[in-house]
**Student:** 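Here it is, the structure, as structure tokens.
Hydrogens, waters and symmetry mates are skipped; everything else that's a heavy atom, side chains included, is used.
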Amino acid sequence: DMDLAVVVGANDVVNPAANTAQGTPIYGMPILEAGKAKHLIICNFDDKPGYAGVPNPLYAPRPDVLLLLGDAKDSLDQLLELV
């Protein structure tokens, strides 16, 4: 029921592949289901896979996801200016 979720540098713990990517290090790991929010803002240094090396499907182009790449502090400052 979330209208908006903001994720800051948490690739693996929000990666929905943990539910489907059998044989990967994150398979079966509990995750925060941020991708179920109506809108999602992700602030991350880059769009590369996280520590586990599993690509995050939330980083693929989606109309409900805004991916802000770069320094998280700068990205959050930009968001605060917009609000």
**Student:** Other members of the hydrophobic cluster containing Tyr51, with the 4.5 Å side-chain heavy-atom rule, please.
**Tutor:** none
**Student:** Measure the CG-CG distance between Asp12 and Leu32 for me, rounded to the nearest 0.5 Å.
**Tutor:** 12.0 Å
**Student:** Using every non-hydrogen atom in the two residues, find where Ala34 and Val7 come nearest and quote the distance to one decimal.
**Tutor:** CB-CG2, 3.8 Å
**Student:** Looking at every heavy atom in both Asp64 and Lys38, which two are closest together, and how far apart are they?
**Tutor:** CB-O, 3.4 Å
**Student:** Would a 4.5 Å heavy-atom cut-off, applied to side chains only, mark Leu58 and Pro16 as touching?
**Tutor:** yes
**Student:** Could you check if a side-chain atom of Val13 sits within less than 4.5 angstrom of a side-chain atom of Ile31, using non-hydrogen atoms only?
**Tutor:** no
**Student:** Could you measure the distance from the CG atom of Asn15 to the OH atom of Tyr59? Nearest 0.5 Å is fine.
**Tutor:** 8.0 Å
**Student:** Work out which heavy atom in Ala52 is nearest to a heavy atom in Pro25; give both atom names and the distance.
**Tutor:** O-CG, 3.7 Å
**Student:** Could you list who else is in Leu68's hydrophobic cluster, with ILVMFWY side chains joined at under 4.5 Å, directly or through other members?
**Tutor:** Leu4, Val6, Val8, Ile41, Leu66, Leu76, Leu79
**Student:** Would you name the heavy atoms of Met29 and Ala18 that are closest together and state the gap between them?
**Tutor:** O-CB, 3.7 Å
**Student:** Within a strict 4.5 Å, meaning less than it, do heavy atoms of the Phe45 and Leu69 side chains meet?
**Tutor:** no
**Student:** Could you tell me whether Lys73 and Asp71 make a salt bridge, using a distance below 4.0 angstrom between a side-chain N and a carboxylate O?
**Tutor:** no
**Student:** Just by modelled atom types, is the Lys48 backbone N or O under 3.5 Å from a matching donor or acceptor in the Asn11 side chain?
**Tutor:** yes
**Student:** Quick check: closest heavy atoms across Glu33 and Met2, and the distance to 0.1 Å?
**Tutor:** O-CE, 4.1 Å
**Student:** State, to 0.1 Å, how close Ala17 and Val54 come at their nearest heavy-atom pair, and which atoms those are.
**Tutor:** CB-CG1, 3.9 Å
